[in-house]
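Written out below as structure tokens is the structure these notes cover.
For ligands, and for the atoms within them, numbers begin at 1 and follow the listed sequence.
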Amino acid sequence: MSSNPLAPAWLAVPDDANDLPAAVWSLNASRTASGELGIAGVSASAIVAEFGTPVYVVDEADARSRARRIRESFDREFARVGSSAKVYYAGKAFLSTEVARWVTEEGLNIDTASGGELAVALAAGVDPSRLGLHGNNKSLPEIDRAVSAGVGAIVIDSVVEIERVAAAASRHGRTQPVRLRINSGVHASTHEYLATAREDQKFGIPLADAAAVVALIRAEPSLRFLGLHSHIGSQIFESDGFAEAAHRLFALHAELLEGGPVPELNLGGGFGIAYTTADEPLDIDELARRFADIVADGAAQLGIPVPIIAIEPGRSVIGPSTTTLYTVGTIKDVLVSQSAPEALEGAASSDSATAVRKYVSVDGGMSDNIRPALYAANYSVRIANRASTADPALVRIAGKHCESGDIVVHADYLPGDVQPGDILGVPATGAYGWAMASNYNYLARPPVVAVIDGAARVIVRGETEEDLLSRDAGLNR
Ligand SMILES: Cc1ncc(COP(=O)(O)O)c(C=O)c1O
């Protein structure tokens, strides 16, 4: 079958529009004997019968095994270069008490980015010494809570925070370990990175000012300086950006060693995952090997000990574990002409006068996954309740919100007989899906259901209309 001229250049017509490419789908996703999608031994139809749609389905064993693999790879590679690694799970990607337990049981620490995330991790019973707190504008109560709970690290993001954290630590009679977030001037995304003298952004301290700021930290008796921190971006497929950031931080790290201990270096998160078959993230073993080489080479060049490395992956731990299931409502074949050039933007070919784009609308959308609207992120899709032999048709999966940008999947091929009532599965929605969900158009946030060994259980309850109305203070006036 020839491709639809509206299809983006990266999207090939699949030989089989029922296949579940292993790079994109969670480890335990497969077609059942009847042809429907099954995840960890639970069929899509069974999940939908019990929990409805939309629903986020987390393959627990997948999330655990990714967490474990990242930790094992970094442990092994940093042991090889005579050091060790601390892996923090970036809870902003998706945090619930269950997920906090999974990742800590697999040996990870947890990085939180607000008092709310900290509360979830503490409620899960995570040892506070395994928690970190981030944020460019931490409130005084957030700082106080983190210090009094005994979190293992607070990432200082501005000069004013030094005094705020130091005061909280004195008040609680503690010595608070802190890192300093550096704005390294390196910004990376997928295959490219941009390196400037200074990055125009709200996070961190410019590299040039950092030594003076560390001196201020060291002057506070209630603070203990752990080291520098840098996070250069998201959905990164190459290690060059990390190498550039490490290179920039290393000179400073070495200089700081002259004034006292600097046991750690935190290179942040941002490791990319496959949302579509066009995405080719680095294998985690390879990434860990490159990180270890980058850090060991940098240390050797400056004649300093290899620091303990800390990393903060979120997406690469939880993203691939989750599939969102939706129900198809309305389908429209939209004739797209060249008089609408924006529709052909990025398309493989622009020589057709008209072509058909099948708009398949589902019962969720930007309220359960804002990433396509926010970042033009691509996803893929399959029919989940059945397999079909119909020829593939180019589809755009749209949500039900009052926004034309409310798209779930910009482009993929589905069997052309996709019909109202079908269940669709969108893989790799575990990171920044539920975490960024909203109630736009008064849609209730969907439940999060974990599946493992043939059993499904709710790990975050879905909202109801009553939940939404219960916050409306005008009701009882
Ligand atoms: C400071 C910091 N660390 C870690 C992460 C996690 O990034 P990712 O989920 O892409 O691994 C982020 C994401 O925004 C971040 O800002």
Side-chain angles (χ1 to χ4, degrees), residues 63 66-67 69-71 73-74 85-95 99-100 103 108-114 116-118 121 131-138 142 146 151-158 161 178-184 186-193 199 201-205 226-239 241-242 245-246 249 264-275 279 281-282 284 287-288 291 309-322 369-371 374-375 377 428-436:
R66 284 178 208 274
R69 266 199 74 195
I70 294 175
R71 180 185 53 72
S73 304
F74 276 80
K86 279 188 185 171
V87 183
Y88 286 80
Y89 168 63
K92 68 198 77 182
F94 171 56
L95 197 61
V99 169
V103 296
L108 274 57
N109 306 295
I110 299 182
D111 160 45
T112 63
S114 70
E117 289 181 10
L118 181 62
L131 298 176
L133 179 68
H134 261 293
N136 67 301
N137 187 23
K138 304 170 195 74
E142 283 175 322
V151 303
I154 294 182
V155 181
I156 301 262
D157 199 282
S158 56
E161 270 190 355
V178 296
R179 309 181 199 279
L180 180 65
R181 182 158 180 176
I182 303 297
N183 175 348
S184 67
V186 177
H187 185 86
S189 166
T190 311
H191 296 292
E192 278 152 21
Y193 76 89
E199 207 188 339
Q201 53 126 315
K202 68 176 180 174
F203 293 111
I205 299 282
L226 287 178
L228 304 172
H229 174 286
S230 123
H231 172 79
I232 57 170
S234 291
Q235 187 59 355
I236 303 169
F237 290 168
E238 307 287 347
S239 54
F242 293 108
L249 259 57
E264 299 182 7
L265 178 68
N266 188 323
L267 291 176
F271 312 156
I273 64 166
Y275 288 100
D279 294 332
L282 275 179
I284 194 66
L287 190 71
F291 261 64
I309 203 78
I311 53 164
E312 299 167 348
R315 181 191 320 268
S316 53
V317 175
I318 202 72
S321 70
T322 302
N369 189 359
I370 189 74
R371 295 190 66 259
L374 195 58
Y375 309 120
T429 56
Y432 309 105
W434 185 92
M436 288 187 165

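Between Lys138 and Glu161 there is a salt bridge, since a side-chain N of the basic residue sits under 4.0 Å from a carboxylate O of the acidic one.
Ligand 1 has an N or O atom lying under 3.5 Å from an N or O atom of Gly270, backbone or side chain.
What sits closest to atom 9 (O) of ligand 1 on the protein, heavy atoms only, is Tyr432 OH, 2.6 Å. Scanning the protein for heavy atoms near atom 15 (C) of ligand 1, the closest one is Lys92 NZ, 3.1 Å. Nearest to atom 5 (C) of ligand 1 among the protein's heavy atoms is His231 CE1, 3.4 Å. Among all non-hydrogen protein atoms, the one lying nearest atom 1 (C) of ligand 1 is Arg181 NH1, 3.4 Å.
Each of the atoms 8 (P), 9 (O), 11 (O) of ligand 1 lies under 4.0 Å from some heavy atom of Gly314. Counting atoms of ligand 1 from 1 in the listed order, those under 4.0 Å from a heavy atom of His134 are 1 (C). Numbered from 1 in the order shown, with element, the atoms of ligand 1 that lie under 4.0 Å from a heavy atom of Pro313 read 11 (O). Taking a cut-off of under 4.0 Å to the non-hydrogen atoms of Glu312, the atoms of ligand 1 that pass are 1 (C), 2 (C), 3 (N), 4 (C), 5 (C), 6 (C), 11 (O). Counting the atoms of ligand 1 from 1 in the order shown, those under 4.0 Å from a heavy atom of Arg315 are 8 (P), 9 (O), 10 (O), 11 (O).
The aromatic ring centroids of Tyr432 and Tyr375 lie 6.0 Å or more from each other.
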Side chain to side chain contact (heavy atoms under 4.5 Å, CB included) between Val99 and Tyr89, worked out: CA-CA 10 Å; Val99 169; Tyr89 168 63; 3.9 Å; yes
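Residues Phe203 and Asp157 form a side-chain contact, since some pair of their non-hydrogen atoms from C-beta on lies under 4.5 Å apart.
No donor-acceptor distance shorter than 3.5 angstrom exists from the side chain of Thr322 to the backbone of Ala428, with no hydrogens or angles considered. With hydrogens and angles disregarded, a donor-acceptor distance shorter than 3.5 Å links the side chain of His231 to the backbone of Gly269.
When only modelled atom types and interatomic distance are considered, His187 and Gln201 share no side-chain donor-acceptor pair under 3.5 Å.
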